[in-house]
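One structure is given here, and the rest of the page talks about it.
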Amino acid sequence: MKGKYYITTAIAYTSKTPHIGNTYEAVLADAIARFKRLVGYDVFFLTGTDEHGQKIENQAKEMGISPKEHVDNIAAEVKEIWDFMGTSYDKFIRTTDDYHEKAVQKIFEKLYKQGDIYKGSYEGWYCTSCESFYTEGQLTDGKCPDCGDPVEKAKEEAYFLKLSKYQDRLMKHIEDNPEFIQPESRKNEMVNNFIKPGLQDLCVSRTSFTWGIPVTFDEGHVIYVWIDALSNYITALGYDTENNALLFNKYWPANVHLIGKDILRFHTIYWPIMLMALGLELPKQVFGHPWLLQGTDKMSKSKGNTIYAKQLVDHFGVDAVRYYLLHEMPFANDGSLTYGLLIERINAELANILGNLVNRTIAMSKKYFDSKVMAPTELEDIDKELIDLALATPGKALSSMDHLKVAEAISHVFELLRRSNKYIDETFPWLLAKDENKKERLGTVLYNLLESIRFSAVMLSPFMPETSKKIFSQLNTKVTDWDSLEQFNGMKPGDTLGEGEILFARIDAEQKLAELDEENAKNTPSDDIEIVSKPEITIDDFDKVDIRVGKVLECKKLPKSKKLLVSKVKVGNQVRQIVSGIANYYEPEDMVGKNVMVIINLKPVKLCGELSEGMIMAAQDEDDKLVVCSPESQVKAGSVVS
RNA sequence: CGCGGAGUAGAGCAGUUGGUAGCUCGUCGGGCUCAUAACCCGGAGGUCAGGGGUUCAAGUCCCUUCUCCGCAACCA
């Protein structure tokens, strides 16, 4: 054993079925976990689901089921997907698990007792009808994002975690451990945007919803997501504030937390500080992996471009999908997935390079030697070249994997496969077969090929476990351990090979794409936007809103901001300054002269230092694109809209 | 001037401490027939975003401009 290796994924939020992008993270973690096991580490691979929070509470209410039922459903789906993707997790934690909830409560108590969590108050906007608190940014149009009612400024009691106290220690840790935050560019983002400006204490409790872990010593307070979700990495191992379970003592600290780049902040700032406060070691590394895009777009349900793992696996098989995810994702930049690209990779690499090599080698062995493995004899230079590459490849893969460069590790193996294909052309086995005197040479050539394939299959097993298994069965070998790659003699002369079988059939791209299109068309009921209406209002409510026609007199960009335009709008006998977030869609000169609809009785506010006295109405389509609303024909500025 | 990253062949990307510009796909031509119309070889295709500088030598270091992206701020 080379020691322990503890790897985690982020826990999936149980508000909707995870798409292929979410699945990517689990597969990536799995590949690393399997690789580490293969090379001799004692691995613990944790994944799971994050199941609390207001969003889930609300969703459940809408569906008319209990939150628990709701999360049970989704958690089961997540688990099912992880399972058919072949992820070899050692534990699947759910934040609604009993032991987790108890441990989180103890953590909260401990931090409170030692003064790292204190009770304070949280100023925000309160919506009476929803009994909810919102921050400035959560409000839509200055009103409750949920029900649209007016909100009022209010204070709420809440618990806070003292981040500032640990700020310097965190900074030092990041500086002393350059590998702590990966990739590097992310580290700079965290340090410059958050740590250097100074950390604000973090609100770690809520009273606005109940679907969460209760604070034991203060009724009505629920532990907010940070402490609840992040703690899973230690509670899963049986962490306890008083005496820790064996697992915890053995595996903590984590070697790597694998997470999406979007939640890097929580894992590189809040989580380390929590751990420091608990007196625990920090994880060795946090890797914020890039995102998987559908073509060049972010996947989203509203765009209807969501690709689910299930469909891909049904059509292409698990290992092909795993291969794509693991090999096509760059280390730091977002990757892209389309059906077309997937098919291209399957054909070019899996079918042509890998599958065909195995197939032709097994076929020749059968044809020339009745599937017997021959003993290699004298080696020629060309043989040595192949063997040297085979022997060198495990080291290369190992080193790539040490830096989590999974795609690179796979490429090394494919180099060997390509070299093997070339070796066939260089040695002309079919000619050797015609000459009885060259039987021995032919046997040697085939032996070298079989052994190279065995090498490749061993190295590929963390990435494509099923495929490796199939190859081993075709080779009829049980020598599949990593150490067997130290010598080029794993295949045993005299053994009989198994039956040949196509590993990856070539796919007719055109036909397959048509098939998928048809299937997706069937499953996408309609393009229409689903309407979830805000609560009914009376004519009196509506009457409170004063909408007028205005004419844009001048308009300029707000240099400090990317999205904001500042317009001077003539409304009747007044000229108002209005700031709008439309800079991505309109040039200032486009706006000048336009007649627009303006809400004139919104409370004025300052945005990026500029006063905004109203709102220009704009329609927002699914891509978040904004289109300014104008009256159909000329109307005098100041006219009432109703 | 908020912080950071990126701009290299038609596409997707590599290019460690500066020393002849590479890989995969595609394309064109050739070879081979064991194999899944597969495999192997070769050709074409790049003022390494633009401009300046340091150096015997710059994709690589420095300055500057432009364009994309991420984070932050913000979307009345």
Given atom [atom1] of [X] and atom [atom2] of [N], what is their separation to the nearest angstrom?
X	N	atom1	atom2	answer
Asn359(A)	C34(B)	CG	C1'	10 Å
Leu350(A)	C39(B)	CG	P	12 Å
Lys434(A)	C32(B)	NZ	C1'	11 Å
His327(A)	A14(B)	NE2	P	12 Å
Glu426(A)	C40(B)	CD	P	10 Å
Asp425(A)	C39(B)	CG	P	10 Å
Glu328(A)	A11(B)	CD	C1'	13 Å
Tyr324(A)	G12(B)	OH	P	12 Å

Output a table of nitrogen or oxygen pairs between the protein and nucleotides 25-29 of chain B separated by less than 3.5 Å.
from   : atom 1 : to        : atom 2 : distance (Å)
C25(B) : O2'    : Glu344(A) : OE2    : 3.0

*Partner of Asp319(A) under side chain to side chain contact (heavy atoms under 4.5 Å, CB included), chosen from Lys469(A), Met464(A), Lys470(A)*: Met464(A)

Under-4.0 Å salt bridge between [X] and [Y]:
X	Y	value
Arg322(A)	Glu466(A)	no
Lys396(A)	Glu415(A)	yes
Asp546(A)	Arg548(A)	yes
Lys422(A)	Glu385(A)	no
Lys172(A)	Asp176(A)	yes

[atom1] spacing across the pair [N] / [M], given as an integer number of angstrom:
N	M	atom1	value
G19(B)	U67(B)	C1'	31 Å
G22(B)	G46(B)	C1'	11 Å
U36(B)	G45(B)	C1'	31 Å
C66(B)	G51(B)	P	15 Å
G59(B)	U17(B)	C1'	15 Å
A49(B)	A72(B)	C1'	27 Å
C13(B)	G4(B)	P	24 Å
U60(B)	G53(B)	P	14 Å

*Between U36(B), U33(B), A35(B), which one does the side chain of Arg360(A) approach most closely?*
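Selected nucleotide (nearest to the side chain): A35(B).
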
_Residue Met364(A), side-chain atoms from C-beta onward, closest of U33(B), C34(B), C39(B)_ =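 In terms of side-chain proximity for Met364(A), the closest of U33(B), C34(B), C39(B) is C34(B).
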
*Going by atom types alone, do Asp383(A) and Thr444(A) pair a side-chain donor with an acceptor below 3.5 Å?*
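Side chains of Asp383(A) and Thr444(A): no pair found under 3.5 Å.
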
*Is there a donor in the side chain of Ser371(A) and an acceptor in the side chain of Lys366(A), or the other way round, less than 3.5 Å apart?*
no

_RNA chain B contacts made by residues 442-457 of chain A, counting heavy atoms under 4.0 Å_ = none

*Counting only heavy atoms not in Lys512(A), do more than 12 fall under 6.0 Å of its NZ?*
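Yes.
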
*Step by step, would you call Leu341(A) with Thr338(A) a side-chain contact (heavy atoms from CB on, under 4.5 Å)?*
CA-CA 5 Å; Leu341(A) 283 172; Thr338(A) 63; 3.3 Å; yes

*Select from Arg419(A) and Leu431(A) the residue whose nearest nucleotide in RNA chain B is closer to the 5' end of that strand.*
Leu431(A)

*Using the closest heavy atom to pick a nucleotide of RNA chain B for each, name whichever of Asn347(A) or Leu354(A) lands nearer the 5' end.*
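The answer here is Leu354(A).
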
*Answer with yes or no whether Asn356(A) presents, from its side chain, a donor or acceptor under 3.5 Å of a partner atom in the base of A35(B).*
yes

*Taking C-beta and beyond as the side chain, do Ile547(A) and Val598(A) meet within less than 4.5 Å on heavy atoms?*
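Ile547(A) does not reach Val598(A) side chain to side chain.
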
*Quick one: CG on Leu28(A) to CZ on Phe287(A), what's the gap to the nearest 0.5 Å?*
6.5 Å

Below 4.0 angstrom from OP1 or OP2 of [N], is there any side-chain N or O of [X]?
X	N	answer
Arg265(A)	C71(B)	no
Asn352(A)	C39(B)	yes
Lys422(A)	C41(B)	yes

*Output field: ring centroids Trp226(A)/Phe266(A) closer than 6.0 Å*: yes

*Base, sugar-phosphate, or nothing: which does Tyr368(A) touch, judged by heavy atoms less than 4.0 Å apart?*
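The answer is sugar-phosphate, as Tyr368(A) gets under 4.0 Å only of primed atoms, P, OP1 or OP2.
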
*Look at all strands and tell whether Ile599(A) reaches a base, only sugar-phosphate, or nothing, counting heavy atoms closer than 4.0 Å.*
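Nothing: the residue Ile599(A), judged by heavy atoms under 4.0 Å, touches no strand.
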
_Backbone N/O of Asn448(A) and side chain of Ser452(A): donor-acceptor pair under 3.5 Å_ = yes

_So that I can compare with my own list, what are the stems of RNA chain B, taken as at least three consecutive Watson-Crick or G-U pairs with distances under 3.5 Å?_
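Result, WC/G-U stems under 3.5 Å: B:2-7 with B:66-71, B:10-13 with B:22-25, B:27-31 with B:39-43, B:49-53 with B:61-65.
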
